[in-house]
Structure formats: C-alpha cells, structure tokens
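Side chains are part of it too, since the values below use all heavy atoms of this structure and drop only hydrogens, waters and symmetry mates. What you see is a predicted model, and the numbers here were worked out from it, not measured in a lab.
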Amino acid sequence: MLERIQKIMAEIQALQAHNAEEAEALRIKYLSKKGEITALMNDFRTVPAELKKEVGMRINALKAAAQDKINALKEAAVQEQASAPGIDLTRTPYPIPLGTRHPLTIVKNEIVDIFSRLGFTLAEGPEVEDDWHVYSSMNFADDHPARDMQDTFFVEAHPDIILRSHTSSVQARVMESTQPPIRVICPGRVYRNEAISARAHCFFHQVEGLYVDRNVSFTDLKQVLLLFAQEMFGPDTKIRLRPSYFPFTEPSAEMDVSCTICGGKGCSLCKGAGWLEILGCGMVDPAVLEANGIDSSVYTGYAFGMGIERIANLKYQVRDLRMFSENDVRFLDEFVAAN
Ligand code: DAH
C-alpha cells in the first residue's frame with residue numbers, strides 16, 4: 001500500500017498538461033469516483049490496524065498534493081490561453097444590443113414632461129378599481145351606459161370591482177386624499193370590453209390631468225392645452241374647442257388640433273377636415289368636487305383626458321392599433337432614434 005502511494009505521488013509530481021482539457025483528464029484519472037487515489041481510499045479498510053494511522057495520513061497528503069497540482073495545471077492552462085496570440089483582453093467588448101423604448105412610453109414620457117414643466121406632478125392609481133372611483137364619484141348616474149358589461153370588465157366574484165375604463169378614477173383617488181391646490185398628471189392603462197381590431201383594443205392608455213385651486217377658470221384650461229399642443233406637435237399648431245358632454249365636467253369640451261400632416265388644408269389623415277380630435281376636457285363638475293371631499297363653494301378646477309395611442313398615431317402614423325401590443329421587434333426597432 002505504501003509503495004502504491006509513493007508511486008502515485010511520484011507520478012503526480014511529474015504531471016504535465018498542455019491545456020485545460022488535459023488537466024481535466026488528469027483529475028478524472030486520479031480523483032474522480034473511479035480514479036486511482038479514490039481506489040486507494042476504498043482499499044484503506046484492508047490496511048492492518050497498526051498501519052492505519054500512517055497510511056491514512058499519507059493517502060490524505062497524496063490527495064491534497066494531487067488536488068493542488070491539478071488545480072495549478074488548470075490555472076496555468078487558462079493563463080496561457082488568455083495570453084495566446086490572437087486574444088486581446090484589452091479590446092473593447094462588442095456592443096451589447098440594448099432594447100428600444102416602446103413608442104407609447106416615448107409619447108407618455110413626452111406628455112408627462114410637458115406638464116411637469118407647467119408644475120403638474122405625477123399621480124397614479126390602481127388598474128383594478130372599484131365602481132366608486134371609476135364611476136360613482138365621477139358623477140356617472142347609476143344607469144349610465146358606460147357601466148354596462150359591454151364597456152366595463154367586471155372581476156367576476158365582485159360586481160363592485162372592475163378594471164378601470166378611464167384614468168379619471170385617479171382624479172378621485174387624488175382628491176379624496178389631498179386638499180387643493182392640486183395639479184396632477186396621471187398616465188396609465190385602461191380597459192374596455194371591445195372587440196380587437198385595427199381601430200380598437202380591449203386595453204389602451206390614457207393621460208389624465210387635474211387642476212383644482214381657487215379661481216381656476218376655463219381660460220386657464222385653454223391656455224395650458226394650447227401650450228401642450230404646441231409643445232407636442234410644433235409651434236404652429238392651432239387648437240379648437242367644441243362643446244361636448246362628460247358626466248364629470250361642466251361645461252365640457254373636446255379639443256381638436258390642426259392636422260399634423262397638412263396643417264389645416266385638408267388631407268387623408270384629417271379626412272379633409274383640417275382638424276384632428278385629441279382630447280376631452282372641461283371644468284370639474286361641482287358634484288365631483290363635493291363627492292371627493294372638496295368644498296365647491298371655495299374651489300374650482302379643470303380636467304382633461306387623452307389617449308396615448310391616439311397621440312402616438314398622430315405623431316408616427318401607426319395604421320394598426322394592434323402593433324402597439326404585438327411586440328414585433330421590427331416595429332419597435334423603428335423607434336430607436338426617438339429614444
Ligand atoms: N375619461 C374620458 C374618457 O375616457 C376622458 C376625459 C374627458 C377625461 C374629459 C377628463 C375630461 O378628465 O375632463 O373618454
């Protein structure tokens with residue numbers, strides 16, 4: 001036994017390897033389950049008791065020596081490979097292909113950025129909401145058609161819990177927890193029970209704006225929206241407000257911008273009208289202020305809401321709404337330059 005140990009020790013000391021594979025082969029030869037040193041250890045039980053102590057110490061020393069030697073060979077092989085001609089460790093690495101920002105994120109950031117510069121702060125609310133924040137507190141009558149199954153996704157077990165169908169719910173969230181002055185911009189995803197097509201989707205994105213303070217007037221609203229339109233679509237952009245109706249604003253209006261393609265002359269994008277509708281807005285209905293704990297005899301406010309897809313379409317002429325959610329990299333890669 002001692003002789004076998006000595007013989008293997010001599011072998012180990014003389015070991016050489018030209019590369020990492022050879023060093024690994026040596027590890028297998030000596031140290032793996034079926035390796036020679038492992039075999040020695042298995043035979044240890046046949047060693048007479050009086051020799052066990054000495055033999056044991058030697059086998060352990062042999063094993064340690066083999067491990068050290070083979071590790072050293074492996075290390076040397078790696079070093080050698082690294083310094084071999086043709087491998088330049090100082091070379092700059094290949095560029096890592098970075099993703100691109102999603103066009104809706106680009107547009108959302110742009111909208112939020114414009115309103116931040118006007119003093120609006122960011123507010124967000126949950127996508128799974130209750131009826132109160134989405135509809136009741138926003139002055140929707142109990143039998144308002146928007147509450148219908150055809151528009152609203154209900155969470156089955158709770159008829160009161162729904163997927164929000166507009167970001168106006170965030171207005172309620174902010175007002176119930178903050179007293180004026182309030183000036184917030186609220187981007188987020190909304191859901192409606194619509195058949196998916198090029199022009200409609202069951203989810204899309206909106207940005208809501210809300211300003212409540214003393215003496216807030218329709219003139220303030222109009223001025224802020226004009227500034228927004230000119231920042232978003234260019235300094236020559238004109239706006240026009242048409243009377244409209246929303247349960248949560250009175251008076252209410254829809255805003256058009258002069259066509260982003262023809263500038264107002266009439267083209268296929270604006271269908272000859274020269275104008276494109278981009279958002280809804282109005283003075284916050286006093287009933288909404290009161291429902292959310294704000295004294296409507298002291299404060300007034302304005303609100304507006306717009307679809308991010310709509311704005312993105314006007315900026316980038318995306319023909320099919322589905323492209324925004326299909327994650328086709330050929331489409332997404334087109335927005336690299338806009339990052
Ligand atoms: N919530 C409306 C919608 O989903 C958009 C909207 C219109 C929001 C007028 C407003 C507003 O804040 O004043 O179509």
Side-chain angles (χ1 to χ4, degrees), residues 102 104-105 107-109 111-112 115 120-178 182-197 199-212 244-250 252 254 277-282 284-285 287-294 301-313 321-322 324-325:
H102 193 282
L104 294 179
T105 307
V107 172
K108 180 202 78 179
N109 288 348
I111 298 169
V112 170
F115 284 103
F120 286 74
T121 53
L122 197 71
E124 283 176 313
E127 290 176 22
V128 181
E129 256 295 8
D130 51 34
D131 178 275
W132 169 256
H133 291 95
V134 180
Y135 294 129
S136 298
S137 71
M138 286 288 118
N139 205 31
F140 281 75
D142 281 346
D143 57 356
H144 192 284
R147 294 172 183 254
D148 200 282
M149 296 275 280
Q150 271 144 30
D151 273 354
T152 307
F153 282 116
F154 291 83
V155 176
E156 231 170 293
H158 302 270
D160 188 47
I161 307 294
I162 58 181
L163 299 184
R164 68 180 177 195
S165 54
H166 59 177
T167 44
S168 302
S169 56
V170 187
Q171 285 190 35
R173 290 263 163 205
V174 172
M175 283 192 270
E176 71 184 5
S177 60
T178 327
I182 292 171
R183 204 175 340 190
V184 288
I185 188 87
C186 326
R189 178 173 290 179
V190 301
Y191 301 83
R192 285 183 201 175
N193 192 0
E194 303 235 19
I196 297 170
S197 71
R199 302 175 56 89
H201 211 295
C202 60
F203 65 79
F204 55 100
H205 302 79
Q206 291 187 328
V207 176
E208 191 81 13
L210 174 69
Y211 182 26
V212 185
S244 184
Y245 174 78
F246 300 102
F248 33 90
T249 43
E250 181 58 38
S252 305
E254 275 169 312
E277 185 200 322
I278 64 157
L279 55 80
C281 61
V284 181
D285 193 306
V288 171
L289 295 176
E290 293 295 335
N292 289 291
I294 290 175
Y302 65 66
F304 54 86
M306 66 188 99
I308 302 182
E309 279 83 349
R310 171 86 180 139
I311 309 268
N313 273 342
L321 259 188
R322 289 169 288 198
F324 288 122
S325 50

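Among residues two or more places apart in sequence or in another chain, the side chain to side chain contact (heavy atoms under 4.5 Å, CB included) test is passed with E250 by D285. Residues satisfying the salt bridge (charged side-chain N to carboxylate O under 4.0 Å, His left out) criterion with E208, sequence neighbours excluded, are absent altogether. Looking at residues two or more places apart in sequence or on another chain, you find a side-chain hydrogen bond (donor to acceptor under 3.5 Å, both in side chains) between H201 and S325. The side-chain hydrogen bond (donor to acceptor under 3.5 Å, both in side chains) check on T105 picks up nothing, with sequence neighbours excluded. Shown here are the salt bridge (charged side-chain N to carboxylate O under 4.0 Å, His left out) partners of D131, two or more places apart in sequence or in another chain: R147. I161 is linked by a side chain to side chain contact (heavy atoms under 4.5 Å, CB included) to V128, D130, V155, H158, counting only residues two or more places apart in sequence or in another chain. For R322, the salt bridge (charged side-chain N to carboxylate O under 4.0 Å, His left out) partners two or more places apart in sequence, or in a different chain, are D320. In this view, Y245 and P247 satisfy the side chain to side chain contact (heavy atoms under 4.5 Å, CB included) rule, not counting sequence neighbours. Among residues two or more places apart in sequence or in another chain, the side-chain hydrogen bond (donor to acceptor under 3.5 Å, both in side chains) test is passed with E290 by S296. In this structure, the side-chain hydrogen bond (donor to acceptor under 3.5 Å, both in side chains) partners of E127, at least two apart in sequence or on a different chain, are Y191. Qualifying side chain to side chain contact (heavy atoms under 4.5 Å, CB included) partners for A291, counting only residues two or more places apart in sequence or in other chains: W132. Applying the salt bridge (charged side-chain N to carboxylate O under 4.0 Å, His left out) test to E254 and every residue at least two apart in sequence or in another chain returns R242.
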Query raised in the report: For I185 and T121, what are the C-alpha separation, side-chain angles and deciding distance, and is it a side-chain contact (heavy atoms from CB on, under 4.5 Å)?
Result: CA-CA 6 Å; I185 188 87; T121 53; over 6 Å; no
Requested in this report: Please step through side-chain contact (heavy atoms from CB on, under 4.5 Å) for the pair M138 and V134, ending with a clear verdict.
Outcome: CA-CA 7 Å; M138 286 288 118; V134 180; over 6 Å; no
Query raised in the report: Taking it one step at a time, do Y135 and T152 satisfy side chain to side chain donor-acceptor pair (under 3.5 Å)?
Result: CA-CA 11 Å; Y135 294 129; T152 307; 2.7 Å; yes
Requested in this report: Quick one: do V174 and N292 satisfy side-chain contact (heavy atoms from CB on, under 4.5 Å)? Show the steps, please.
Outcome: CA-CA 9 Å; V174 172; N292 289 291; over 6 Å; no
Query raised in the report: Between E129 and R173, is a salt bridge (charged side-chain N to carboxylate O under 4.0 Å, His left out) present by the stated rule, with each step listed?
Result: CA-CA 10 Å; E129 256 295 8; R173 290 263 163 205; 2.7 Å; yes
Report task. In sequence, state the C-alpha distance, the side-chain angles, and the governing distance for I182 and M175, and then conclude on side-chain contact (heavy atoms from CB on, under 4.5 Å). Result -> CA-CA 8 Å; I182 292 171; M175 283 192 270; 4.0 Å; yes
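Contact record, L104 with A312: CD2-CB, 4.1 Å, taken as the closest heavy-atom pair. For the residue pair A123 and P187, the shortest heavy atom distance occurs at O-CD, 3.8 Å.
Between F324 and H102, the ring-plane angle classifies as tilted under the 30° and 60° cut-offs.
A donor-acceptor distance shorter than 3.5 angstrom exists from the side chain of R310 to the backbone of E277, with no hydrogens or angles considered. In terms of modelled atom types and a separation under 3.5 Å, the side chain of H133 and the main chain of S168 share no donor-acceptor contact. Distance alone, capped at 3.5 Å, is enough to place a donor-acceptor pair between the Q206 side chain and the T167 backbone. Looking only at distances, a side-chain donor or acceptor of R192 sits under 3.5 Å from a matching main-chain atom of S165. Side chain of R164 to main chain of G188: no donor-acceptor pair is present (N/O by atom type, distance under 3.5 Å, no hydrogens or angles).
Rounding to the nearest 0.5 angstrom, the gap separating the CG atom in L163 from the CZ atom in F203 is 11.5 Å. Atoms CZ and CZ, on F246 and F140 in that order, are 9.5 Å from each other to the nearest 0.5 Å. Atom CD1 in I311 sits 6.5 Å away from atom CG in L279 (nearest 0.5 Å). Taking CG of N193 as the start and SG of C202 as the end, the distance is 8.0 Å to the nearest 0.5 Å. Within the model, atoms CD of Q171 and OG1 of T249 stand 8.5 Å from one another, a figure rounded to the nearest 0.5 Å. For the atom pair CD1 of I308 and CG of N313, the computed distance is 12.0 Å after rounding to the nearest 0.5 Å.
Residues F304 and F115 place their aromatic rings such that the two centres sit under 6.0 Å apart. Taking the six-membered ring for Trp, H166 and F248 have ring centres closer than 6.0 Å.
Between D151 and P145 there is no side-chain heavy-atom pair separated by less than 4.5 Å.
Under the side chain to side chain contact (heavy atoms under 4.5 Å, CB included) test applied with F204, the options E309, E194, R189 reduce to a single match, E309.
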